[in-house]
Number of protein chains: 2
Amino acid sequence: MFTTMLGKMSMIPPVPSRHRNAVATRQAILASARKHFARENYENVGLREIAGHAGVDPALVSRYFGSKEALFRETLRDDDEKDIMDGATRETLARHFAQLFLEKDDAPPGERDIHIERILILLHSIGSPKAGQIIHNAVQADILDPVSQELEGEDREMRAAMALAVLMGMGIMHNMLSIDTLECTPEEDARFEKRLTRIFAAALEPMDD
Amino acid sequence: MFTTMLGKMSMIPPVPSRHRNAVATRQAILASARKHFARENYENVGLREIAGHAGVDPALVSRYFGSKEALFRETLRDDDEKDIMDGATRETLARHFAQLFLEKDDAPPGERDIHIERILILLHSIGSPKAGQIIHNAVQADILDPVSQELEGEDREMRAAMALAVLMGMGIMHNMLSIDTLECTPEEDARFEKRLTRIFAAALEPMDD
DNA sequence: GACATATGTCACCAGTCGTTGACAAGTTCC
DNA sequence: GGAACTTGTCAACGACTGGTGACATATGTC
């Protein structure tokens, strides 16, 4: 009743602050879904949870996106670019890779790179049968294909897949299992980075002999 | 009624073919749970499913193991050895690593190495909050600690963690995302193996410079 | 055979889930 | 002002889940 009164009195008339604004509501739901799917499993994230955190009625989620599965699929897509890693070169891949570790979990919400958020979504819901097919397609079409096209030499697909495997394994270790063998002395951290570079090079670089 | 008649007539008297046999029932439940948890998520495996596949009443699962969480924890433990990889040296780790890829999904059931089955259980239920803590403890105590103790030189924990990260990432690629860039020509397969060896060496071997 | 115990069976609970349909309230256009 | 449409609200459905207690049946012991 308070909101209706506020609406009638129209103290904030020109700003469509997401009241009766379909696209804003959709985006709010999508943002909340991304945040939750990046933290927990596909099955452990409920539509009511997503809606509640977005300040939206749970029914609207199904109505705007059709189903939870479709919402999850939408979550993995970018609004501006069409790919998770559009134009991903070896350098950008390495950069995302590094960011995956430099980012703290207590980073300011909404500030984390959207690429990283989507990788976390990928990782958390691997193993869910319903999300599995969606993830498979997204990984193949939005990561492996673009990255392998950026590579040169032989075994491009293989090298891209192995690099992604390394990235996923490290991401799981750090973000999901919370196993941090680094983050100790600066010397250890430097050695970790050096070793990481070598692993990544062994996966990605063309073989020279 | 048929089974009871059979029991009364005692055509097979000395063999307690798991009728009124607590330990056999427990093992049957545990085996079924391992099989299911190795294929699907923690949340997507129901106690009724486990019980049904084991030919057991669903109520017995809760009664024998207390809770689904405790059953999952038991699933990650070995009956004979106490560790997932007891006495795991660098060679055995590499062997498990190789097996993870050589094994086919259509392998005869019950024939797959129990170590591999447990790694698959680990991988599938990563991302499940309830299983996460259990998995974290199992990984730390049963994999990272023994492996790092087997290593020599500096940064033992770091190297073990990075090797496990590589193993997990590759396992996810192959067994869960079904992304097989190998398995083409024998030449490609050989190059894959060579590259894999280099990656693993970069993660595990002590740095020489 | 009678009892005590171990093992298995059954019905059911409380809760959550995704989804849907009926209805209310706001917006736009005539 | 009223019709047509959009957007949001509410309550409920059916299906599922993990878990529990009452009861039935078998086994072992005297």
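Numbered from 1 within each chain, the chains take letters A, B, ... in sequence-line order. Quick caveat: nothing in here was measured; it's all calculated off a predicted structure.
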- Note on the structure: Tightest non-hydrogen contact, residues B:Ile29 and B:Ile50, listed as O-CG2, 3.8 Å

- Message: Need one value for B:Val23: base, sugar-phosphate or nothing, where a base atom within 4.0 Å counts as base even if backbone is also close, heavy atoms only.
- Response: nothing

- Message: Can you tell me which nucleotide in C:dC17, D:dG18, D:dG8 comes closest to the side chain of A:Tyr64?
- Response: D:dG8

- Query: Counting heavy atoms not belonging to A:Glu43, are there more than 12 under 6.0 Å from its CD?
  - Reply: yes

- Item | Nearest to side-chain heavy atoms of A:Ser62, which nucleotide of C:dC17, C:dT20, C:dC10 | C:dT20

- How close or far is atom C1' of C:dT7 from atom CD1 of B:Ile29, stated in whole angstroms? 11 Å

- Task: From the options C:dC17, C:dG8, D:dG19, select the nucleotide whose nearest atom is closest to the side chain of B:Lys68.
- Result: D:dG19

- Task: Grab the CD-P distance between B:Glu43 and C:dT16 for me, whole Å please.
- Result: 16 Å

- Note on the structure: Checking C:dG21, C:dT7, D:dG8 against the side chain of B:Ala22 (C-beta onward), the nearest is C:dT7

- Message: Once you apply a heavy-atom cut-off of 4.0 Å, does B:Leu60 come out as touching a base, just sugar-phosphate, or nothing?
- Response: base

- Item | Atom of B:Ala160, atom of B:Leu151 and distance for their closest heavy-atom approach | N-CD1, 4.0 Å

- Do you know the tightest heavy-atom contact between A:Leu204 and A:Arg159? O-NE, 2.7 Å

- Note on the structure: From CD of A:Glu49 across to C1' of C:dG18 the rounded distance in Å is 14 Å

- Query: What is the minimum heavy-atom distance between B:Leu177 and A:Met168, and which atoms define it?
  - Reply: CD1-CE, 4.0 Å

- Could you check whether B:Phe65 gets within reach of a base, just the sugar-phosphate, or nothing at all, counting any heavy atom under 4.0 Å? nothing

- Item | Proximal nucleotide (of C:dT20, D:dG18, C:dC17) relative to the A:Ala59 side chain | C:dT20

- Task: Looking only at side-chain atoms of A:Arg63, point me to the closest of D:dT17, C:dG8, C:dA22.
- Result: C:dA22

- Item | B:Glu40 CD - D:dC16 P separation (whole Å) | 15 Å

- Task: For B:Phe72 and D:dG18, give me the distance from atom CZ to atom C1', rounded to whole Å.
- Result: 16 Å

- Query: Which of these nucleotides, D:dG19, C:dG18, D:dA24, is closest to any side-chain atom of B:Arg20?
  - Reply: D:dA24

- Task: Over 60° means perpendicular and under 30° means parallel, so classify the ring planes of B:Tyr42 and B:Phe72, tilted if in between.
- Result: perpendicular

- Query: Between B:Arg26 (CZ) and C:dG8 (P), how many Å, whole number?
  - Reply: 12 Å

Polar atoms only, N or O, under 3.5 Å: list the protein pairs with nucleotides 28-30 of chain C and their distances.
none

- C:dT16 C1' sits how many Å from B:Lys130 NZ, rounded? 10 Å

- For salt bridge (charged side-chain N to carboxylate O under 4.0 Å, His left out), just list the numbers for B:Glu74 and B:Arg26, CA-CA rounded to whole Å, side-chain angles, deciding distance to a tenth of an Å, and then say yes or no. CA-CA 11 Å; B:Glu74 201 88 359; B:Arg26 233 188 92 102; 3.0 Å; yes

- Query: Once you round it to whole Å, what is the distance between C1' of C:dT9 and CZ of B:Arg48?
  - Reply: 14 Å

- Flag side-chain contact, heavy atom, 4.5 Å: A:Leu123 against A:Asn175: no

